[in-house]
Amino acid sequence: MHAIEFDELSKVFQGKKKVTVNALNSLSLQVAQGEVFGFLGPNGAGKSTSIKILLGLIGSTAGTARIMGVDVTEKSARSDVGFLPENPSFYDFLTGEEYLRFVGKSFNMSAADISAGSSDVLKRLDLWEARKRPIRGYSKGMVQRLGLAQTLIHDPSVYVLDEPMSGLDPIGRALVKDIIRELKERGKTVFFSTHITADVEAVCDRVGVINKGVLLAVDTVSGVLERGVEGYTVRVLKPDGASEERVVAKADLQEFIEKSMAQRWAIERVEPKRKDMEAFFLEMVSPKQTSG
Amino acid sequence: MLNTVAVNLRAIFRDRVFHGIVVVALLFLLIPSVSSLSMRQVTELSITLALSLLSLILLLLSISLGATSLWKDIERRYTYSVLSLPLSRSSYLVGKFVAVALFLLLATLVLGAVACCMIWLASGIYPADRPIVWMNLVLCIAADLLKYVMLVAYAFLFSTVSTSFFLPIFGTISVFLAGNASQQAYDYVHSPLAKTLSPVVKQAASFFYYLLPNFSAFNLRINAIYGIPLSMKAVVLPVMYFCIYTTLLVVLATVIFTRREMK
Ligand SMILES: Nc1ncnc2c1ncn2[C@@H]1O[C@H](COP(=O)(O)OP(=O)(O)O)[C@@H](O)[C@H]1O
Ligand SMILES: [Mg+2]
């Protein structure tokens, strides 16, 4: 059973003046249990639309989606999910602690589990000092961190995070990445959307690239990085003591090494020079610009 | 659902509206002195004033809370964080409705008690010709409460189809006005005076009479003010009417809200 499954999912928004937007076009995707999946795409690609369908906030025009095998039109599909909305907003008349209690109760947690879990996650997300203050007075970053806290408190096995790093300072971003890695170690499934390639590279097992409602590619992160090897940076030490760095194309490496040996150059270092996630992403999203 | 009710009650208590009514409720304290100015029928006047003030406060509350409760959640994007919890749309909406209704009940209990104290004080100044029938007074206030809970159900129904607060607020006010006038309009249309009206108009009037709420059924004020005995029927019928009508409204609101897209 997959943790998350999209099956031929399409969504058409009926805008004003009979304008229709094909926000999602026959999206099919499976995320395995225990996997960290990055949903990568530029603004307006359809990431939030897919996620809203997954959480039952909007319906699909065609196709289905399932969480842990349960169709997302049933409320029980959400019973083992922690969800962080994009630019989240929480009942701001409550304090951080009260909000976590509200979420805990919604997941039928016991009072003891709620108070233990709540102090754990409040401390983990650096909200302990602010826990008794109304959310109304929180900064954007604090609200975002509370958003993560409320996905963690009931310890679900599936996490759906819509742009979890947005609105955070570098420390906050690092914290989120740490938390995602920790969840992975504990065998949890994490599905998160982002438009930042470095985030995907840092924490994901697999990545799906989406643009204009179409899923363009799905691959393992290591696969993308390996296939992306374009050449090597070779550092050689010449007999006269001078060292030099040369860029060698992938196909020419063997020849270069033989030539160096013949000239009695010592090879100090060979580093693969890769096209990174960013290049992969840009190539996917705007193929015309990079293929030429 | 209890969780939803609790969180929404908390929202109301921490809202500015709540502090507003506390201030308005202070007007109750003026009732004995104002009524004694009339020198005659002091008790009757104090009952009228107390019931009117209570009714006005309940009206303001039911419109402001009923029409904005759902709209605020959507406007402030709380719906994304709350409706993505393992909570059905119906328990979310019904929970919200119950919270507003409970708050109205609470306000009625507190303000009703204050009103009764003031009436008692006023009647002490200038004893009435007819003794106050406290039971009638209580029933009158209870019937008023039912009327406003029904109005809240209308406000919720409007909120589920609307994206702004315009329809909920003005729709609810219209229903309130129409509901108070519907019995009179019906009586007029079916009186000899309306002979000249075309049958189509009469049919339409009857249609709206049955569609719109009839709030005059909940008006027991005459009985409360003059201590006129209440028949069993005058109490049971409004209660049944309230139960059926409100249930229908809430069910309809839930059906609409379940299909609504949280874009
Ligand atoms: N409620 C809506 N009505 C009309 N169009 C919408 C609505 N929500 C999103 N869209 C459109 O659907 C597309 C995908 O949006 P979205 O899923 O929010 O993108 P992303 O999250 O990847 O930035 C965009 O073109 C957006 O303009
Ligand atoms: Mg988005």
Side-chain angles (χ1 to χ4, degrees), chain A residues 11 13-15 21 23 48-49 51-61 67 70 72-95 98-99 101-109 114 134-136 143 146-147 150-151 153-154 156 160 162, chain B residues 1-20 64-65 68-96 98-100 103 160-164 254-263:
Chain A
K11 179 68 186 178
F13 282 113
Q14 217 73 37
V21 182
S48 297
T49 302
I51 288 175
K52 281 180 193 167
I53 294 174
L54 202 55
L55 273 299
L57 292 169
I58 57 178
S60 64
T61 309
I67 300 179
V70 183
V72 295
T73 51
E74 314 216 358
K75 74 168 185 196
S76 58
R78 303 191 289 272
S79 59
D80 198 15
V81 181
F83 169 53
L84 172 67
E86 180 177 30
N87 301 321
S89 153
F90 305 107
Y91 283 147
D92 70 358
F93 51 88
L94 297 180
T95 66
E98 285 168 344
Y99 192 78
R101 196 176 312 132
F102 166 71
V103 172
K105 278 189 191 163
S106 303
F107 283 94
N108 292 321
M109 289 171 72
I114 290 176
I135 298 172
R136 189 176 295 139
V143 172
L146 178 68
Q150 58 92 40
T151 66
I153 182 168
H154 54 285
V160 179
D162 198 351
Chain B
M1 197 170 94
L2 266 182
N3 199 18
T4 314
V5 175
V7 85
N8 280 293
L9 269 178
R10 200 172 257 174
I12 298 171
F13 275 110
R14 292 184 183 176
D15 197 90
R16 256 181 253 114
V17 175
F18 176 63
H19 305 120
S64 63
L65 296 177
T68 61
S69 182
L70 182 60
W71 169 74
K72 259 188 204 162
D73 273 23
I74 294 174
E75 177 72 13
R76 299 183 181 169
R77 298 186 302 115
Y78 298 148
T79 40
Y80 295 136
S81 45
V82 175
L83 291 176
S84 55
L85 297 170
L87 171 84
S88 69
R89 294 271 177 106
S90 52
S91 64
Y92 167 83
L93 195 74
V94 174
K96 241 180 185 337
V98 169
V100 175
F103 184 79
T160 56
V161 293
S162 156
T163 49
S164 75
T254 306
V255 168
I256 295 171
F257 188 64
T258 305
R259 282 148 214 274
R260 181 155 176 178
E261 302 253 286
M262 287 300 129
K263 294 194 214 180

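What you see below is based on every heavy atom in this structure, not just the backbone, and it leaves out hydrogens, waters and symmetry mates. Chain A is the first sequence line, chain B the second, and so forth, proteins listed ahead of strands; every chain is numbered from 1.
For the pair Pro86(B) and Phe107(A), the minimum side-chain heavy-atom distance is below 4.5 Å. Asp15(B) has its side chain out of reach of Phe93(A): every pair of non-hydrogen atoms, C-beta onward, lies at least 4.5 Å apart. Between Leu94(A) and Arg14(B), some side-chain heavy-atom pair lies under the 4.5 Å cut-off.
Contacts of Glu74(A) with chain B are absent, with no heavy-atom separation under 4.5 Å from either backbone or side chain. For Asn87(A), the parts sitting under 4.5 Å from any heavy atom of chain B are the backbone and the side chain alike. Leu87(B) touches chain A through its backbone: at least one of N, CA, C or O sits under 4.5 Å from a heavy atom, while the side chain does not. Looking at Lys52(A), only its side chain comes within 4.5 Å of chain B, counting heavy atoms on both sides.
Asn3(B) and Lys105(A) get closest at one heavy-atom pair: ND2-CB, 3.2 Å. Across all their heavy atoms, Arg76(B) and Asp92(A) have their closest contact at NH1-OD1, 4.5 Å. Taking each heavy atom of Thr79(B) and Leu57(A) in turn, the nearest pair found is O-CD2, 4.0 Å.
The greatest number of non-hydrogen atom pairs below 4.5 Å with chain B, out of Leu55(A), Asp80(A), Ile58(A), is found for Ile58(A). Among Arg259(B), Arg89(B), Arg260(B), the residue with the largest count of heavy-atom pairs under 4.5 Å with chain A is Arg89(B).
Arg77(B) places no side-chain N or O within 3.5 Å of a backbone atom of Pro85(A) that could act as its donor or acceptor partner. A donor-acceptor contact shorter than 3.5 Å is absent between the side chain of Ser81(B) and the backbone of Phe90(A).
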Exercise. Does the side chain to side chain contact (heavy atoms under 4.5 Å, CB included) test come out yes or no for Phe102(A) and Val82(B), once each step is laid out?
Worked result: CA-CA 10 Å; Phe102(A) 166 71; Val82(B) 175; 4.3 Å; yes
Problem set entry | Asp73(B) and Tyr91(A): CA distance, side-chain angles, deciding distance, side chain to side chain contact (heavy atoms under 4.5 Å, CB included) verdict | CA-CA 8 Å; Asp73(B) 273 23; Tyr91(A) 283 147; 3.2 Å; yes
